[in-house]
Asker: 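Sharing a structure with you now.
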Protein chains: 2
Amino acid sequence: MRPLFHPAIDDVTVEGILHALSDPVRASIYARLAGLDCAATCTALQQAGDRTIPKSSLSQHFRVLREAGLVRSERAGVEMHNTTRCAEIEQRFPGLIPAILNAHRMQIAGAPPPRPPARRTAAASVRKKAKAR
Amino acid sequence: MRPLFHPAIDDVTVEGILHALSDPVRASIYARLAGLDCAATCTALQQAGDRTIPKSSLSQHFRVLREAGLVRSERAGVEMHNTTRCAEIEQRFPGLIPAILNAHRMQIAGAPPPRPPARRTAAASVRKKAKAR
DNA sequence: TCCATAGTTCGTATATCGTGAACTACGGCA
DNA sequence: TGCCGTAGTTCACGATATACGAACTATGGA
């Protein structure tokens with residue numbers, strides 16, 4: 001099991017952050033983690049919306065968040081303690097994380113009926129259907 | 001040639017925006033377009049950093065930006081006039097776009113030596129190398 | 001030592017991305 | 001009208017990334 005890699009705060013990129021948070025599952029995980037004032041285990045965040053994320057996918061998602069510099073993970077016995085690196089990122093990119101989290105909140109508040117996919121825009125689905133027939 | 005699709009502002013998603021701007025080429029295009037106070041053709045934005053984007057890739061990038069709701073494109077004779085939809089998005093997700101553009105500026109300002117790839121984090125490269133040997 | 005728990009890694013099917021080649025749409029110009 | 005040039009799109013395909021089940025690793029008890 002390879003050791004957990006955390007980028008130095010100066011190696012954190014905007015692209016990495018945006019990419020990590022452009023996935024609805026990761027965004028959900030991160031938002032909930034950021035809302036907590038304490039560490040959370042992976043399984044504690046296994047529910048995203050109405051579905052349960054498989055363990056292997058969850059692990060990958062945490063890796064992406066970790067390597068984007070958004071999250072710090074520390075082994076604690078048999079489980080893993082995850083915390084956000086909000087403060088560090090806030091210093092490097094002021095206002096970025098709050099703006100994204102706020103936008104996510106607004107979106108959830110504004111659109112209660114959860115459209116099935118995301119990450120693929122409505123437009124893409126339309127195109128896909130058009131192609132299919 | 002299928003007509004240009006622009007999502008209604010209410011169909012614009014945070015995920016779509018973050019995904020679109022998580023690519024350094026698209027981020028660069030969008031940042032420059034946002035800095036302009038007039039429309040720009042695609043070819044006018046063909047230079048990203050130090051390299052020239054192939055036409056086909058450029059077209060795809062604009063499609064992603066367009067379908068994410070970030071950009072409005074209008075055919076004008078033989079060329080295309082692109083403008084940002086900043087104002088609309090600002091209304092739907094206040095502060096999001098400015099925060100991202102600002103973060104991008106800070107990153108460029110802070111790290112003049114342009115690391116070759118992005119979007120794939122430093123960590124990923126490390127892992128890849130580790131696997132290769 | 002054996003088991004349960006929490007998480008990781010591997011393998012593979014699937015989806016997305018980047019790009020050259022071919023194509024379409026429009027605007028001159030003869 | 002037909003032909004050409006320019007701007008951008010679509011297609012095809014190889015490279016890359018993603019999701020997830022199965023197998024594995026580490027840790028903490030009993």
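Just so it is clear, the values below take in all heavy atoms, side chains as well, and ignore hydrogens, waters and symmetry mates. Quick note on labels: first sequence line is chain A, next is B, and so on, each numbered from 1. This is a predicted model, so every value here is computed, not measured.
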Asker: Does dG18(C) have OP1 or OP2 under 4.0 Å away from a side-chain N or O of Ser56(B)?
Answerer: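 No, because none of the side-chain N or O atoms of Ser56(B) sits under 4.0 Å from OP1 or OP2 of dG18(C).
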Asker: Can you tell which of dG8(D), dG18(C), dA6(C) lies closest to the side chain of Thr43(A)?
Answerer: dA6(C)
Asker: Decide, yes or no, whether a salt bridge links Arg92(B) with Glu88(B) under the criterion of side-chain N to carboxylate O below 4.0 Å.
Answerer: no
Asker: Any donor-acceptor pair under 3.5 Å joining the side chain of Ser59(A) to the base of dG7(C)?
Answerer: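 Answer is no: no donor-acceptor pair is held.
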Asker: What integer distance in Å separates Arg63(B):CZ from dT10(D):C1'?
Answerer: 10 Å
Asker: In whole Å, what is the span from the CG atom of Leu4(A) to the P atom of dA6(C)?
Answerer: 17 Å
Asker: Nucleotide by nucleotide, 5' to 3', does protein get under 4.0 Å of the base (B), only the sugar-phosphate (S), or neither (-) in nucleotides 22-30 of chain C, counting heavy atoms?
Answerer: --BBBS---
Asker: Which sits closer to the 5' end of DNA chain C, Pro3(A) or Gln60(B), going by the nucleotide each is nearest to?
Answerer: Pro3(A)
Asker: Starting from the 5' end of DNA chain D, give me the residue, Pro54(A) or Cys42(B), whose nearest nucleotide shows up first.
Answerer: Cys42(B)
Asker: Checking all strands, does His81(B) fall into the base, sugar-phosphate, or nothing category for heavy-atom contacts under 4.0 angstrom?
Answerer: nothing
Asker: Establish, with yes or no, whether the OP1 or OP2 oxygen of dG18(C) is under 4.0 angstrom from a side-chain nitrogen or oxygen of Ser57(B).
Answerer: no
Asker: Verify the contact: side-chain N or O of His19(B) to OP1 or OP2 of dC17(C), cut-off strictly under 4.0 Å; return yes or no.
Answerer: yes
Asker: On DNA chain D, does the nearest nucleotide to Phe62(B) precede the nearest nucleotide to Ile53(A) from the 5' side, or the other way round? Give the residue.
Answerer: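 By nearest-heavy-atom nucleotide position, the 5'-most residue is Phe62(B).
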